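Take a look at the structure below.
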Amino acid sequence: MKYEYSAIEKKWQKYWEENESFAASNDYSKPKFYPLVEFPYPSGAGLHVGHPRSYTALDIIARKKRLAGYNVLYAMGWDAFGLPAENYAIKNQVHPKTITEKNIDRFRDQLKSLGLSFDWSREVNTTDPNYYKWTQWIFLKLFEKGLAYKKEMAVNWCTSCKCVLANEEVVDGVCERCGSQVVRKVKEQWMLKITAYAERLINDLDGVNYIPRVKTQQKNWIGRSTGAEVKFETSVGSTLTVYTTRPDTLFGATYMVISPEHPMIDKYKESIENYEDCIAYREAAAKKSDFERTELQKEKTGVCIKGITAKNPVNDKEIPIYISDYVLMSYGTGAIMAVPAHDERDYAFAKVFDLPVIEVVKGGDIEKEAFTDIESGEMVNSGMLNGLTVAEAKKKIIEWLAETGKGEAKVNYKLRDWVFSRQRYWGEPIPLVHCDECGWVAIPESELPLTLPDVEKYEPTDNGESPLAKIESFVNTTCPKCGRPAKRETDIMPQWAGSSWYFLRYCDPHNDKELASKEALEYWTPVDWYNGGMEHTTLHLLYSRFWHKFLYDIGVVPTAEPYAKRTSHGMILGENGAKMSKSLGNVVNPDDIVRDYGADTMRLYEMFIGDFEKTAPWSTSSIKGCKRFLERVLGLVEIATLEKEDEETERELHRTIRKVSDDIEQMKFNTGIAAMMSFVNFAYDKGGLTKEELKTFILLLNPFAPHLTEEMWELLGEKKPICEIGVWPEYDEKKLVDTSKVIPVQVNGKLRGTVKVAVGLDEAAVRAEAEKDEKIAAALAGKTVVKVIYIKDKMLNIVVK
RNA sequence: GCCGCUGUGGUGGAAUCGGCAGACACGAGGGACUUAAAAUCCCUUGGGGGCAACUCCGUAUCGGUUCAAGUCCGAUCAGCGGCACCA
């Protein structure tokens, strides 16, 4: 029988489409299952072979759950705003919408050709005004609750994209997207107060089932630390507050350092004798990109502020204040107390500027290096703290600071607020108006969506304004509050906006009254299983958790966490083991694979390629093995002629059911497929199987190779397709049990032979059987048995002397 | 520098609890079929030694625990990922 994969696949894809076989039901009385994959950015390059790895994996899980009787919502959409379409538009003078639509059509066709069981009636598109109406609505709610605010700040500025980047988008000091240099630039930006949720974003990780490395990375990124804020009095009258994780070392603070951007430099300009030097240093620091600033971290630089000193609150000692760029304005208070004896950076700085180093924790050698261990050591030179451990000293000094009003315990986070505006065109307009009288005012909900107007040129301006700023009809409006002339915000939202809540829209995608109905959200959320790339851990995944928590707080969604479970797939590399890229010429096009081997083979291969969580190189020759397997599966139809069930075959089949069922749940697709291959090999060796056995096997394979299995199901005379029957095979414990077993026999831990014995035999009987074996007997000859270890039905080890 | 992960045949990878290392595939070699090739089917395939039955070695390296270690413990080396002047 020839395997006509193209015809079979077209036939069933057509059937599924016409019958809407995978549409999620709105019958909320059934048990639900909501699997989710990250929706793609529809790039001009088309689908990458990496996409189907994730999509197929959850498709298998979705299909299995459907067969097991669940109401499954598996949907797809397009994260279609973003820079590539805009850059293409600039180059070719076409509307980004045109190219985006074209790309989406291509992606949709490609996904359909893979037989993915998406409910296409729920497709969403972030660039559709009916969708981004609700993205804007959420933004307005954030604004209303004071979580969106405009702030003049130093931002990451991509010199090539001419656009602000979020911290998460700067990787190694360059733009994550284009690799160009990122510099600091002071600009007014819309910010979202994600830091207000920092604590909950960490704590609530305990209640969700995410793979450990995702949790670790998120915690790491949020970067919670505990310590204290301490107030230092200065000679100009005001206090200078610092944050420290080591308040226990306060007696060792011999100088202070403020960041070059610290406001006190300008505030006390009159008192600073070397103000010029300070400003020169600040300007030099500002010119450095983030990259340079961290590259040069070995060499400490700085300027001593002359004319102002501070007083150490524990002993009233007068200490100098320095300016240095190793202190960041964006973390803590932008000022530190320097304890060179117990901090490596302060130590390096003190050596350069020849500042005193006072040991306050005994245990290291401060002549050589800073002693930073907090587990060992005893407090010295520290007045009331002397003799205490570091932990005890921390506690005591914090109490003292609180009593005296000189400080308090404080928690800090590395996480910073989310820079939310972009000076670009292809994104959601920010629905705010600026009025000279009323300030920033939200546009009324009834005016949503605020649609993106057409422009003639898509380039951002050199002074960093969005192309929208040139559209007078868009910019000029009236204040919704007082009616006077006012101007619209012309910045747009970042790409992460639309993707922060798309899974909520799948629940009720055509609702024009709410982002989704209460009932739909109540039933479908949280997402039961979300799979996506590790590269989104500190971006999309964190942002969407933040938005979801906010929506929970205002009563829009019923759960505090959006995703009950998060897993992650490894990347697929090129055949040469390098990342697939056009320049290396190692890109594999999924269309070619579907054409030459078929969608079922492609699906199976991507699942068989290796451990789902790990990166794996593509191998064209290995695909053949999967195709061969499917051909052999089809061939089973001809030998499914046995009338009577065979005990051994039944056992193999039931083992395969158990293995495949378990492996799907654990995403161990590769071993599940291996088990099915073994069963097929077994059936051929045996020379045949019954029709019923084959049908059970077909059901098991269905989630992996849906087209071929539907075809075979029909060939075997079934009238109703698999996708309509709702039965997942169950294994029978009784059929799994063996009557006899081969057990390894070891002598002194070394394998000397095996014996076939009845199941459940006791030690003496097995030993007697083993001694009948020539080799084992030879190994025992002339020796004294010291000990015998027998694990029932597993192994026998005889220890001799 | 800190945190995390991973090291298994020619290749991708298997191996619930410590219990027959290398499942399943790919590739390679040999054979059958064929005028021939492709496809298919059968056999061999971790390494060394032996005519053979057989035997020794083998999961990055070194050491330890144990009747028994790919798996547990300690040290080292290599690779990958995350964070990184975060006080």
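Computation of the quantities below employed the complete heavy-atom set of this structure, encompassing side-chain atoms and omitting hydrogens, waters and symmetry-equivalent molecules. Keep in mind that this is a model prediction, so the values were computed, not measured.
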Item to complete: If a protein heavy atom is under 4.0 Å from the base, mark B; if only from the sugar-phosphate, S; if neither, -; do that for nucleotides 14-24 of chain B going 5' to 3'.
Response: SS-B-BB--BB
Identity of whatever pairs with [N] - Watson-Crick or G-U, under 3.5 angstrom:
| N | answer |
| --- | --- |
| B:rU66 | none |
| B:rG27 | B:rU45 |
| B:rA32 | B:rU40 |
| B:rC51 | none |
| B:rG79 | B:rC5 |
| B:rU16 | none |

What's the closest nucleotide to the side chain of [X] if the choices are [options]?
| X | options | result |
| --- | --- | --- |
| A:Ser622 | B:rG81, B:rA87, B:rC26 | B:rC26 |
| A:Tyr326 | B:rA87, B:rG81, B:rC85 | B:rC85 |
| A:Asp325 | B:rC85, B:rG27, B:rG13 | B:rC85 |
| A:Ser621 | B:rA87, B:rC26, B:rC41 | B:rC26 |
| A:Lys300 | B:rC26, B:rC85, B:rC67 | B:rC85 |
| A:Lys787 | B:rA87, B:rG81, B:rC67 | B:rC67 |

[atom1] atoms of [N] and [M], separation to the nearest Å:
| N | M | atom1 | answer |
| --- | --- | --- | --- |
| B:rU16 | B:rA23 | P | 15 Å |
| B:rC2 | B:rC57 | P | 40 Å |
| B:rG22 | B:rA14 | P | 15 Å |
| B:rU61 | B:rA69 | P | 15 Å |
| B:rC33 | B:rC24 | P | 28 Å |
| B:rU76 | B:rC83 | P | 26 Å |
| B:rG74 | B:rA25 | P | 39 Å |
| B:rU11 | B:rA84 | C1' | 37 Å |

Worksheet item: What residues, two or more places apart in sequence or in another chain, satisfy salt bridge (Lys or Arg N to Asp or Glu O under 4.0 Å) together with A:Arg595?
Response: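 Testing A:Arg595 for salt bridge (Lys or Arg N to Asp or Glu O under 4.0 Å), a comparison that skips the adjacent residues, returns A:Asp592.
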Discussion item. I want to verify the glycosidic state of B:rC17; is it syn or anti under the 90° rule?
Written reply: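 This nucleotide is in syn.
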Worksheet item: Taking O4'-C1'-N9-C4 for purines and O4'-C1'-N1-C2 for pyrimidines, is B:rG81 syn (within 90° of 0) or anti?
Response: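 B:rG81: anti.
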Worksheet item: CZ of A:Arg767 to CD1 of A:Ile798: how many Å apart, nearest 0.5 Å?
Response: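 It is 6.0 Å, given to the nearest 0.5 Å.
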Roughly how many Å is it from [atom1] in [X] to [atom2] in [N], rounded to a whole number?
| X | N | atom1 | atom2 | answer |
| --- | --- | --- | --- | --- |
| A:Arg767 | B:rC67 | CZ | C1' | 14 Å |
| A:Phe349 | B:rA87 | CZ | P | 18 Å |
| A:Lys624 | B:rU40 | NZ | P | 10 Å |
| A:His342 | B:rA87 | NE2 | C1' | 14 Å |
| A:Tyr605 | B:rC26 | OH | P | 12 Å |
| A:Glu344 | B:rA84 | CD | P | 17 Å |
| A:Leu604 | B:rC26 | CG | C1' | 14 Å |
| A:Tyr684 | B:rU40 | OH | P | 12 Å |

Item to complete: Step by step, work out the side chain to side chain donor-acceptor pair (under 3.5 Å) result for A:Tyr281 and A:Thr301.
Response: CA-CA 9 Å; A:Tyr281 184 82; A:Thr301 60; 2.7 Å; yes
Discussion item. When you measure from the centre of the six-membered ring of A:Tyr597, is the NZ or CZ of A:Lys624 closer than 6.0 Å and no more than 45° off the axis?
Written reply: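 Here A:Lys624 fails the 6.0 Å and 45° test against A:Tyr597.
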Check whether the side chains of [X] and [Y] place a donor and an acceptor atom closer than 3.5 Å, and report yes or no.
| X | Y | answer |
| --- | --- | --- |
| A:Asn412 | A:Arg224 | no |
| A:Thr620 | A:Tyr605 | no |
| A:Tyr326 | A:Ser259 | no |
| A:Gln218 | A:Tyr210 | no |
| A:Glu613 | A:His569 | no |

Worksheet entry | Min side-chain heavy-atom separation A:Val49-A:Trp618 under 4.5 Å |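 Answer yes - side chains close enough.
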Discussion item. Measuring only between side-chain heavy atoms, which start at C-beta, is A:Phe669 closer than 4.5 Å to A:Phe608?
Written reply: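 No, their side chains stay 4.5 Å or more apart.
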Measuring to OP1 and OP2 of [N], would you say a side-chain N or O of [X] lies under 4.0 angstrom away?
| X | N | answer |
| --- | --- | --- |
| A:Arg632 | B:rU40 | no |
| A:Ser225 | B:rA87 | yes |
| A:Arg213 | B:rG82 | no |

Item to complete: Assign A:Ser619 to base, sugar-phosphate, or nothing according to its heavy-atom contacts below 4.0 angstrom with the strands shown.
Response: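 Nothing, no heavy atom under 4.0 Å.
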Discussion item. Base, sugar-phosphate or nothing for A:Ser330? Non-hydrogen atoms, less than 4.0 Å.
Written reply: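 Here A:Ser330 touches no strand at all.
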Discussion item. If you assign each of A:Tyr331 and A:Asn220 to its closest nucleotide in RNA chain B, which residue comes earlier from the 5' end?
Written reply: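 First, find each residue's nearest nucleotide; the 5'-ward one identifies A:Asn220.
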Worksheet item: Of A:Ala616 and A:Asn748, whose closest RNA chain B nucleotide lies nearer the 5' terminus?
Response: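 By nearest-heavy-atom nucleotide position, the 5'-most residue is A:Ala616.
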Practice prompt. Verify the neighbour count for atom CD of A:Glu575: are there more than 12 heavy atoms of other residues, nucleotides or ligands below 6.0 Å?
Written response: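 Yes - once you tally the heavy atoms of other residues, nucleotides and ligands closer than 6.0 Å, there are more than 12.
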Practice prompt. Give a yes or no on whether A:Lys686 atom NZ has more than 12 heavy-atom contacts from other residues, nucleotides or ligands under 6.0 Å away.
Written response: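 Yes, the 6.0 Å shell around NZ holds more than 12 heavy atoms from other groups.
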Discussion item. Near RNA chain B, counting only heavy atoms under 4.0 Å, which residues of residues 566-581 of chain A show up?
Written reply: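 The answer is none.
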